Amino acid sequence: MRILVTGGAGFIGSHLCERLLHQGHEVICLDNFFTGSKDNIRHLLTHDHFELMRHDVIQPVLVEVDRIYNLACPASPIHYQYNPVKTIKTSVLGALNMLGLAKRVKARILQASTSEVYGDPREHPQKESYWGNVNPIGIRSCYDEGKRAAETLFMDYHRQNKVDIRIVRIFNTYGPRMAPHDGRVVSNFIVQALAGKPLTVYGEGTQTRSFCYVDDLVEGMIRMMECEGFIGPVNLGNPTEHTIMDFARIILGLVGQVTPSTGSKILHHPLPADDPVQRKPDITLAHQHLNWSPKISLDEGLKNTIEYFRSRCTPA
Ligand code: NAD
Ligand code: UDP
């Protein structure tokens, strides 16, 4: 198949492009390089079945493809809050343009939605049937409401125009090729620990997250795209939940194993506004419909990720 991946030069997108090429597909990677990088896909540039297109999803595009994975959108709070108006335009106009393309060329299209559609959840763990608790006027709203509106557009194009859609709600995902300075907790803690600096825990660190390794996530996304008779939304994430304080201790322990000289400690910073208190996916639907569940332990995934950052962020 010929497959378009928007946001393909980003963290998750680059792993997805790689896996699709490996499966024998032709891949067109579309990206405006806001948070993505050519470094993430440099090793794919010479592949016969790989094409790179510099383009912004807020503008229409016409390419003949069989599948569209719509990932274009900054994902870390620092990046999506940098230009919030652009963030919501990317989600909403990007969804409109990609759905219009899917309708025109009769492609199947998958939306990379997010656990942020649940906001600061009152239901725990979060099931797909939960409508969420999102502040519509806060600093996270450009991302959360943009992604919610994109889901609405996907459902309406499906009901109104019979577009063949899939929606996945991605929970916190980590792995090699995360941008080292994107402010997310995994990259921040690893980079800080490797540099022997204090780990910045926001608030008391009692808030929880559940971390999924990127290879598991990509497997789930591809299974969902190729699944017949189920459009979602479906949660994709690892249900093993940690407090952020626990997570800091885990990183310190693991980095200690690779650089015993690290002198990292924990430093508390103020908690950002609207930071969700708890998050953990219920993945029953993914298991039932896709026979999917994460396989890679936090320990194994973090070791790979630490090695990646170590090779990039510290002197040899
Ligand atoms: P990322 O920032 O590394 O990747 C996003 C990519 O989209 C980048 O390459 C960026 O340059 C590109 N992009 C941004 N705006 C664009 C535009 N207007 N036009 C074209 N390209 C544009 O982030 P990621 O972690 O790889 O996330 C990928 C997708 O998955 C995003 O849609 C994100 O919302 C979703 N997601 C990620 C996570 C996670 O934990 N990583 C969780 C939930 C949802
Ligand atoms: N966080 C933290 N220290 C950091 C970065 C993040 O304590 O240096 C916290 C943040 O407040 C949140 C959690 O870690 O509670 C996850 O943050 P991230 O930005 O990675 O993802 P999201 O909040 O979007 O789930």
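Positions are given from 1, in the same order as the sequence printed here. First listed ligand is number 1; within each ligand, the first listed atom is number 1. This one's a predicted model, so the numbers in the text were calculated from it and none came from an experiment.
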Q) Does any N/O atom on Lys147 come nearer than 3.5 Å to any N/O atom on ligand 1? A)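 So ligand 1 has an N or O lying under 3.5 Å from an N or O of Lys147.
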
Q. Hey, is ligand 1 close enough to Gly13 that some N/O pair sits below 3.5 Å?
A. no

Q. Do ligand 2 and Tyr202 have nitrogen or oxygen atoms that lie under 3.5 Å from each other?
A. yes

Q: Please say whether Pro77 places an N or O atom under 3.5 Å from an N or O atom belonging to ligand 2.
A: no

Q.
If we set the cut-off at 4.0 Å for heavy atoms, which region of Ser115 has an atom near ligand 1: side chain, backbone, both, or neither?
A. neither

Pick, from [options], the option with the minimum heavy-atom distance to [atom].
| atom | options | result |
| --- | --- | --- |
| atom 14 (C) of ligand 1 | Gly8, Ala179, Cys29, Cys73 | Cys73 |
| atom 8 (C) of ligand 1 | Val57, Asn172, Thr35, Asp182 | Thr35 |
| atom 37 (C) of ligand 1 | Thr173, Ile12, Thr6 | Ile12 |
| atom 21 (N) of ligand 1 | Asn32, Val5, Leu30, Thr90 | Asn32 |
| atom 14 (O) of ligand 2 | Val201, Thr206, Val185 | Val185 |

Of the protein's non-hydrogen atoms, which lies at the shortest distance from [atom], and what is that distance?
| atom | value |
| --- | --- |
| atom 13 (C) of ligand 2 | Ile244 CD1, 3.7 Å |
| atom 21 (O) of ligand 2 | Asn172 ND2, 3.4 Å |
| atom 34 (O) of ligand 1 | Tyr143 OH, 2.6 Å |
| atom 3 (N) of ligand 2 | Thr200 O, 2.5 Å |
| atom 11 (O) of ligand 2 | Asp275 OD2, 2.6 Å |
| atom 22 (P) of ligand 2 | Arg140 NH2, 3.5 Å |
| atom 29 (C) of ligand 1 | Leu71 O, 3.4 Å |

Atoms of ligand 1, numbered as shown, that sit under 4.0 Å from any heavy atom of [X]:
| X | result |
| --- | --- |
| Ala9 | 9 (O) |
| His55 | 19 (N), 20 (C) |
| Phe33 | 11 (O) |
| Gly10 | 3 (O), 4 (O), 8 (C), 9 (O) |

Just to check, does [X] reach to within less than 4.0 Å of ligand 1 when the distance is taken from its heavy atoms?
| X | value |
| --- | --- |
| Glu116 | no |
| Arg184 | yes |
| Gly94 | no |

Q: Under the ring pair (Phe, Tyr, Trp, His ring centres under 6.0 Å) rule, collect the residues that match up with Tyr69, sequence neighbours excluded.
A: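 By the ring pair (Phe, Tyr, Trp, His ring centres under 6.0 Å) rule, Tyr69 matches no residue at all.
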
Q: May I ask you to say whether Glu219 pairs ionically with Arg19, meaning some side-chain N is under 4.0 Å from a carboxylate O?
A: yes

Q) Of all heavy-atom pairs between Asp182 and Ile78, which one has the smallest distance, and what is that distance? A)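 What the structure gives for the nearest pair is O-CB, 3.8 Å.
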
Q: Determine whether the side chains of His47 and Glu18 contain a donor N or O and an acceptor N or O closer than 3.5 Å.
A: no

